[in-house]
Each structure stands twice: as structure tokens, then as C-alpha cells.
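Scroll down for the structure; my scribbles are underneath it.
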Number of protein chains: 2
Amino acid sequence: MQNINSILSSCSISSHQCRCFEKLSEAEAALIDKNSVKIRFSKGEIISKQGSFVSQIMYMEKGLAKVYIDNGKNTLVLKIIKEGNFIGLTTLSEDSTFLQYSASAYIDSDVRLIDISVFRQVLSSNIEFAKEVIEILGTNSAQMYGRFFCLTHKQSYGRLADILLCLSERIFKKEEFELPLSRKDLAELSGMSSETVIRMLKRFHAEGLIYMKGKEMKIVDFEKLRRISETG
Amino acid sequence: MQNINSILSSCSISSHQCRCFEKLSEAEAALIDKNSVKIRFSKGEIISKQGSFVSQIMYMEKGLAKVYIDNGKNTLVLKIIKEGNFIGLTTLSEDSTFLQYSASAYIDSDVRLIDISVFRQVLSSNIEFAKEVIEILGTNSAQMYGRFFCLTHKQSYGRLADILLCLSERIFKKEEFELPLSRKDLAELSGMSSETVIRMLKRFHAEGLIYMKGKEMKIVDFEKLRRISETG
DNA sequence: CAAATATATTAATATATATCAATAAAAATA
DNA sequence: TATTTTTATTGATATATATTAATATATTTG
């Protein structure tokens, strides 16, 4: 039995396993390989900048990055990208000549930049590949919808619980981890100020839901954290 | 020269013209036609309900509807669907067995329900159709990102300005119109309480940006309204 | 290592917006 | 048309969270 709240999480990372490159023929794989470059971005470096011209499709080979929108005053992290995911496929759309969002690396990351016209060409010749792209776009939207709802209608406490669970369960896959994100990063993810993040974390710690010391984090009580995520 | 703020609107209706059915062969069009039904929904009726089993793709032939998420306490309208648009293509993804959102009609509407397996079948056989679907999904995400940012980081005043501009420019294509949405509908669209909507509308009216009498609406000063949309 | 810089923490205060409650107006129904 | 129900409006109050500012702690750099 599926609960409606289970789809409503501020979690921002895709759980979808990208399988599209498996669908390529040898020739297609070679074509993509020939028309792409692998670039290493250091922690904190900007991978792509909002407003710039779209000329490639970016694929995260190794690392962790954020995709975000910034209006000069506020920043909203749309999603976290881990290895094996595209930084953005929405740019495939003919309408989007300019990048709508920026991306930057949380940790040292290897990104493959694929020429967009070559990518489109392969898309036109390989229907299995295209279907996989549809799959990715659909999953991405679904994720975004849940996150959208939470960031507009859940309160801070629940939103932060979501993010902590997301980090532990989907990104590090451990209950204990060294956080590569700053408090400000957490704030951009959960749509609140960094001061509020700190206060909430402190409260979680005091209530025994997490253990925290600087960047060290440990989820102590998953159950209660999930309940907070659900009740707001 | 493109301004970054121009992409940041809470506007919730796709400006993308769906062209996917044009790509079908006669046989494919017939197949889809044979495996679909047209249903008329009256104003206020629920078209589909969050949590239910996904078995068809819904296409708005005529009318106006909202696609929304509801947790029993709050409602967020994800987008407005007008004629010539899909109510949701994200359900195409194999992952989504259950509907993540509900839809209901703002006005009397004709909706075509297409069997999802037939839709997928056509997708597998016609690459131009698949590419068009990718186009739609990409445009939808882009729209959603802008809206997401606005609803989390713009204040009410700017968000409501967005919605009014959206209604006038994209939906009714007139500066004067009879609003088929209630104040509560506006609230769900702009992510605030209906009381706040009323107060903001009153203020717009007092400041001479709009003229309003009950459900009659007229945009008086587009320029100022746009400035409010941009500055917050 | 010391100095400089960036990040984290804490507390006090401000504020936008929700909530609550009461009334008015409009729409639906008998 | 009168009655009931729903929607809109208004004002008073509550509250979550941002903002500001000051201090402490890390981290980076010379």
C-alpha cells in the first residue's frame, strides 16, 4: 500500500539509474566519444553558468554537483547530481538556447561534455536511446514536483529532515558521513537561511535525532526523522 | 539581449505548441484514435486523482484545467493546462505506476484519454513523435524550474503579478477578462492563502495596476506589473 | 606558524504572511 | 422569491522564519 506522503519529499537527487548509454551501438558510442571531452572540476568550481549559450550536454562521470538558479539575491538548488546522471537534459529542447540554471561542483568531479548536435543526431537515429531519455526526463519531473510541493508547503523542520535523509540514504548510503556541503549549501537546498539551518540542526541534535560535530553527521533516529519529514 | 529575470516567472502555463500528433502516420493516428476516448468534464470536476493507477495519457482537447498536488492540508497547482497540451507526460516513465498529481477542470473541458501502452507503442515506432515528446518534457521542466524558484524566493506581491500577467497574456490573450478561477484557485497557484490574494489584489487595484470587480479583471498597467514581477 | 579570510554560531529584532473569526456578498437550491 | 450554501472580504492576532549584527571557530594563505 502506497502512502501519498512517500512521494512528497524535498529530496533532490535522482534515484533513477541512467541506462541510456547502454542502448548505443558501437558506432554511436564512438561518435559520442569522439565529440565529447572529459573535464575535471575542482571542489567549488562552476561547471556551467546560467544565461550562457547551450552547446553541450553535460554528464557527471564522477563526483557531486548542484544545479541551481540564482537571481543575484537568492539561490535555489534544483537538484543534486551524482555520478551517472546528466546535469541537464532539458537543454535538449530546441526552445532553450540559453542555460536556465548554473551548476557547480560540491567535490572534485569529472564531467563529460557532449556536443549537443551530435547528441541530437544520435537521438534521431536510435529510438531506444530516445526512450531512455524520455524516461530520464519523466523521472526528473516527478522528483521535481515532490520537491516543489515540499519547499512551498512544508515547514523548515520537515524540509531539513528530508535533506538529511536524502543525503544519508541516497547519496552517501551510510548513516554516518562527512558532509561536503556547507550550512549555506544546506540552506539553498532546503529553501531557508543558513542561520535557520543551524538552529534546526541544533534542535535535531538536542532531540537525539542526529549526532553532529562540525561536518561530521550521523543519523541516529531514522524513524523519528521520517515522521518529521511527513508531518512537516 | 536576454535578461535573466525574464526566465523567472511563476507563470504556470506552457507556451509550447504541442506538435507531436502531426508527426504520426495515418495508421498510427488511427491506432491512437481507436484506443482513446474523449470525455467531457464539467467545471470543477476531477479529471484524475493523485494516487490512482496510471493507465492512460490525458490530452486536453478543449478547456482549461489545473494539475495539482494536495497533501490534505495544502494544495499546490503545478501548472495550468489549456487546449492542445498534455495533462501529464511524466507518467510515461516506467517508474510511475501511480499518479503523483490530481487534475481538475476550471471550465467545461474535453479530455482525450489515450491508452498508455498504445502511446508507448507508437513512441517506439516513430522517432519524430518521440523527439516531440522529448521537446514537450524539456519545455515543461524549464517552465517548472522558473516557477519553482519564484514560489520559493519571490514574495507574494511579485508572485501574484506573475499569475495575473500569465492569465492575461498566455491564457485569455486579452487585457480584460472574466476570471474563471476563484480566489482560492489564485492562492493555490501563487502559493499563498486566499486572504493574502485578496489583500494583494486590493492593493493592485488601489495602486491602479489592475481594475477589478468580482470576477471581472483588467490589466491596466502592464509595465508596472512587470516591474513588480521582476523586483519581488 | 601567524595572519587573513571564510564559515559557523548565537542572540535580538523585524516582518511577511498565515491563521482565526466575523461579516458581506454571491451563487446555488428549494 | 426566499433560503441555504459557498465564496469573498475585512480586521485582529499569531508565528515562522528572515535579517542584522556580533562573536567564535575553521580554513586558507603568506
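Lettering of chains follows the sequences in order, A, B, ..., and the numbering in each one begins at 1.
Both the sub-6.0 Å distance and the 45° axial angle are satisfied by A:Arg203 relative to the ring of A:Tyr157.
D:dA26 atom C1' lies 13 Å from atom CD of A:Glu178, rounded to whole Å. Protein atom CG of B:Asn74 is 10 Å distant from nucleotide atom P of C:dA18, rounded to whole Å. Across the protein-nucleic acid pair, A:Gln155 atom CD and D:dA18 atom C1' stand 15 Å apart, rounded to whole Å. A:Met200 places its CE atom 17 Å from the P atom of C:dA8, with the value rounded to the nearest Å. Atom pair A:Lys43:NZ and C:dA6:C1' shows a separation of 12 Å (rounding to whole Å applied). Per the geometry, NZ belonging to B:Lys154 stands 19 Å off P belonging to D:dA18, to the nearest Å. Straight-line distance from the NZ atom of B:Lys213 to the P atom of C:dA25: 12 Å, rounded to whole Å. Distance, A:Glu188 CD to C:dT7 P: 11 Å, rounded to whole Å.
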Exercise. How far apart are the C-alpha atoms of B:Leu89 and A:Leu137, what are their side-chain angles, what is the distance that settles it, and do they pass the side-chain contact (heavy atoms from CB on, under 4.5 Å) test?
Worked result: CA-CA 10 Å; B:Leu89 273 182; A:Leu137 287 170; over 6 Å; no
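Looking at B:Asp221, its side chain never comes within 3.5 Å of a backbone N or O of B:Leu209 through a donor-acceptor pair. Remark: side-chain polar atoms of A:Gln143 are paired, donor with acceptor, to backbone N or O of A:Ile13 under 3.5 angstrom.
Using a 4.0 Å cut-off, some side-chain N or O of B:Thr196 falls inside it from OP1 or OP2 of C:dA18.
One distance of note links CD1 of A:Ile57 with CZ of A:Phe119; it measures 5.5 Å at 0.5 Å rounding.
The pair B:Arg226-B:Glu169 meets the salt-bridge criterion, with a side-chain N (NZ, NE, NH1 or NH2) lying under 4.0 Å from an Asp/Glu carboxylate O.
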Tabulate protein N/O versus nucleotide N/O from nucleotides 4-12 of chain D, keeping only pairs under 3.5 Å, one per line.
unit_1	atom_1	unit_2	atom_2	d
D:dA8	OP1	B:Arg183	N	3.3
D:dA8	OP1	B:Lys215	NZ	3.4
D:dA8	OP2	B:Arg183	N	3.2
D:dT9	OP1	B:Arg183	NH2	3.4
D:dT9	OP2	B:Arg183	NE	2.7
D:dT9	OP2	B:Arg183	NH2	3.4
D:dG11	N7	B:Arg199	NH1	3.1

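Closest contact between the side chain of A:Ser156 and the listed nucleotides D:dT17, D:dA18, C:dA18 involves D:dT17.
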